[in-house]
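The next block holds one structure in the form of structure tokens; read it before the comments.
If you read the sequence from its start, that first residue is 1, and numbering goes on from there. Ligands are counted one by one from 1 in listed order, and the atoms in each one are counted from 1 as well.
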Amino acid sequence: MKKILVANRGEIALRVMRTARRMGIQTVAVYSEIDRHSPHVSFADEAVCVGPAPSNRSYLLGEKIIEVAKNLGVDGIHPGYGFLSENAGFAQAVTAAGITFIGPSPYSIEVMGSKLAAKDAVRKFDIPMVPGTEDAISDVEKAKAISAEIGYPILIKASAGGGGKGMRIVENEKELASQMERAISEAVSAFGDGSVFIEKYIGSPRHIEIQVLADTHGNTVHLFERECSVQRRHQKVVEEAPSAILTPEVRAAMGADAVKVAQACSYTGAGTVEFLVDEHLNYYFLEMNTRLQVEHPVTELITGIDLVEQQIRVARGEKLSFSQDDLQINGHAIELRVYAEDPHNDFLPSIGKLTTYRPPSGEGIRVDDGYKEGMDIPIYYDPMLSKLCAYGKTRPEAIRRLLEAISQYDIEGCATTLPFGKFVLEHDAFVSGKFDTHFVKNYFTKEALLAGEEAESQVAAALALQLYLKEKKRLKEPLVEDSVWRLR
Ligand code: ADP
Ligand code: ADP
Ligand code: MG
């Protein structure tokens, strides 16, 4: 592989190209008109504009992107995450054009792209699953019977859902008919597929997922877990590896089951098997994501393995150069997704110009970003500015470093989730490791955020006053003899 096109934008496009360049591979960026001056465009060896800002007229134009690749003699396409990454038709078309798709086969994408098909594929492997319906359901009476059997509350989920969308909690039978109707129509409009199914709603679960990696020679390993329970709107905001609660036994069992899930769809490349875990450490298969995950850096930090490099090697047909026994967890890593959203205002997008943008640096700090000072944040795409990661030998050290990095991160021009991240990392529930997917709902309010900030500014003011008084006193005292400056 000599030249890779990255069919994506922002931080993930840059992150993929950095590894490609390190491996001596040429890089091609595609971009929309509004992204003309983005870092991913200037970083690439070649860059081609594929259309106007809306993603369905640029980044989602699979055929056009393949044309660009053919014209430039590209031999591999990396899809990143989002956009075309989980589109089996795109993977197929790339392959048909004689270009390597850096990801799993269209078959694996297709099976795991449907939550129902995925459950069907893994059923014979004896993987624990959340109780629920095995097929899509549209008959309300049938749904009532099944829900009564499972017990309320239940969750109606879109089979084709993703990104935390297409889920409805139903508390009792009275709400079922109307919620189902809404879920189906939402699924049709958001995913073009109205199939919904019922799952038992797990009361206080943790979201823990396993990173897997498989080559084309029949070797599959797992790279341990990531804890992603801090979520807002069912979307992850803070992730860490390893989880603060897994025992070595449960970790090994989940890892082995994740490998089976990957094998169930003949998986190749890097993928993620998601589980819900209850307070007794029982775990249930949720879904598999057939792509590089947003939060993959925390796994890289604790294993020392570059997942993009592995994706490229697998796509080139190489064998994995390590076995399960060679892999181990080293230290602890935490990631905060820095979104241009206002935590003081219900996480509403806060779009603007980055008048100041100075990311932190330091020991154990990794910033994956795709912005520079002076850039406008486009309204057309996901408002994630960067991923701020900290590594430490221990969890407390990783927390300390991430807090320090948050305080050094200088962003002006839009509100960000940085203050929210600080709130989470300082919260007793997070520090003690005793939290679940309701962390935000249970503990986070704008009032709590403000109270923390006010307490802090009071402390800062008190400190400043103390310093001032000390200084005043010192100035009144006679000059000290040992100061070189003063002796002169
Ligand atoms: P991850 O699953 O990697 O932790 P997200 O769930 O936030 O992260 O998804 C990654 C990106 O892909 C986000 O930009 C999200 O909006 C997008 N995404 C994921 N699944 C879908 C889907 N089925 N349809 C549309 N966008 C999706
Ligand atoms: P998506 O494709 O949108 O990522 P997932 O099935 O992975 O959908 O679920 C996203 C999140 O929704 C989970 O991390 C969890 O917080 C919540 N969730 C999903 N299924 C359940 C369930 N059965 N019970 C409780 N919470 C759930
Ligand atoms: Mg998921």
Side-chain angles (χ1 to χ4, degrees), residues 81-82 85-87 109-122 127-134 136-137 143 146-147 149-171 179 183 186-187 190-193 195-212 225-240 243 254 258 261 270-280 282-296 335 337 382 384 435-442 444:
Y81 56 72
S85 62
E86 289 168 284
N87 183 322
I109 299 176
E110 181 110 35
V111 172
M112 292 299 164
S114 150
K115 295 194 206 296
L116 280 170
K119 288 188 177 202
D120 211 39
V122 308
I127 314 276
M129 279 190 269
V130 186
T133 52
E134 292 186 6
I137 188 161
I146 290 165
S147 305
E149 202 175 303
I150 294 174
Y152 288 91
I154 57 109
L155 197 58
I156 305 178
K157 292 172 92 163
S159 182
K165 297 182 191 89
M167 270 177 283
R168 289 196 162 261
I169 303 171
V170 184
E171 301 284 350
Q179 292 286 49
E186 271 173 15
F191 312 111
D193 174 357
S195 313
V196 301
F197 63 101
I198 291 173
E199 237 175 42
K200 181 166 182 57
Y201 182 72
I202 311 276
S204 46
R206 298 172 76 115
H207 174 118
I208 301 183
E209 59 189 30
I210 305 279
Q211 175 71 51
V212 294
E225 80 278 11
R226 289 183 290 260
E227 162 87 58
C228 314
S229 297
V230 181
Q231 309 179 340
R232 53 113 183 66
R233 303 183 211 114
H234 300 301
Q235 284 175 339
K236 306 153 185 171
V237 256
V238 176
E239 300 105 334
E240 63 180 318
S243 160
M254 286 177 77
V261 170
T272 295
V273 181
E274 297 188 333
F275 294 95
L276 286 185
V277 179
D278 70 16
E279 58 267 45
H280 309 294
N282 296 311
Y283 60 87
Y284 307 95
F285 171 65
L286 208 49
E287 65 160 347
M288 179 169 190
N289 293 329
T290 56
R291 53 173 162 88
L292 193 65
Q293 202 91 341
V294 174
E295 58 275 20
H296 75 278
E335 169 184 288
R337 297 193 194 187
D382 190 289
M384 193 176 77
F435 56 96
D436 58 33
T437 56
H438 304 302
F439 179 93
V440 174
K441 193 183 78 192
N442 289 348
F444 183 76

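Less than 4.0 angstrom separates some heavy atom of Gly161 from each of these atoms of ligand 2: 2 (O). Below 4.0 Å from some heavy atom of Gly163 lie the following atoms of ligand 2, by number and element: 3 (O). Applying the 4.0 Å criterion to heavy atoms of Thr437 picks out, from ligand 2, the atoms 16 (O). Residue His207 has at least one heavy-atom neighbour below 4.0 Å for each of these atoms of ligand 2: 13 (C), 14 (O). Atoms of ligand 2 lying under 4.0 Å from at least one heavy atom of Tyr201, given by number and element, are 24 (N), 25 (C), 26 (N). When each atom of ligand 2 is checked for a heavy atom of Met167 under 4.0 Å away, the hits are 9 (O), 10 (C), 12 (O), 19 (C). Every atom of ligand 2 is numbered from 1 in the order shown, and the set under 4.0 Å from a heavy atom of Glu287 is 1 (P), 2 (O), 4 (O), 5 (P), 7 (O), 8 (O).
The backbone N or O of Gly163 sits less than 3.5 Å from a side-chain atom of Gln235, completing a donor-acceptor pair. A donor-acceptor contact shorter than 3.5 Å links the side chain of Gln211 to the backbone of Gly271. Looking only at distances, no side-chain donor or acceptor of Thr437 sits under 3.5 Å from a matching main-chain atom of Arg206.
Among the backbone and side-chain atoms of Glu274, an N, O or S atom lies under 2.8 Å from the Mg ion (ligand 3).
Side chains of Thr272 and Arg291: no donor on one and acceptor on the other come within 3.5 Å.
At least one heavy atom of Lys115 lies less than 4.0 angstrom from ligand 2. In this structure, Gln235 does not count as a contact residue of ligand 2, since none of its heavy atoms falls inside 4.0 Å of the ligand.
Separating the CD1 atom in Ile146 from the CD1 atom in Ile198 is a distance of 5.5 Å, to the nearest 0.5 Å.
We find that Arg337 and Glu295 are joined by a salt bridge, their nearest charged nitrogen and carboxylate oxygen being less than 4.0 Å apart. Under the 4.0 Å criterion applied to side-chain N and carboxylate O atoms, Lys119 and Glu287 are not assigned as salt-bridge partners. Taking the charged nitrogens against the carboxylate oxygens, Lys236 and Glu335 have no contact shorter than 4.0 Å, which rules out a salt bridge.
Distances between N or O atoms of Gly164 and those of ligand 2 include at least one value under 3.5 Å.
For Asn289, no heavy-atom contact with ligand 2 is shorter than 4.0 Å. If you look at Ile202 next to ligand 2, the close heavy atoms, those under 4.0 Å, come from the backbone and the side chain alike.
Glu287 has its closest N, O or S atom to the Mg ion (ligand 3) at the position named OE2.
Using cut-offs of 30° and 60° on the angle between ring planes, the pair His438 and Tyr201 is tilted.
Between Ala118 and Met112 the shortest heavy-atom distance is CB-SD, 3.5 Å.
For atom 16 (O) of ligand 2, the choice among Met288, His234, Gln231 with the nearest heavy atom turns out to be Gln231.
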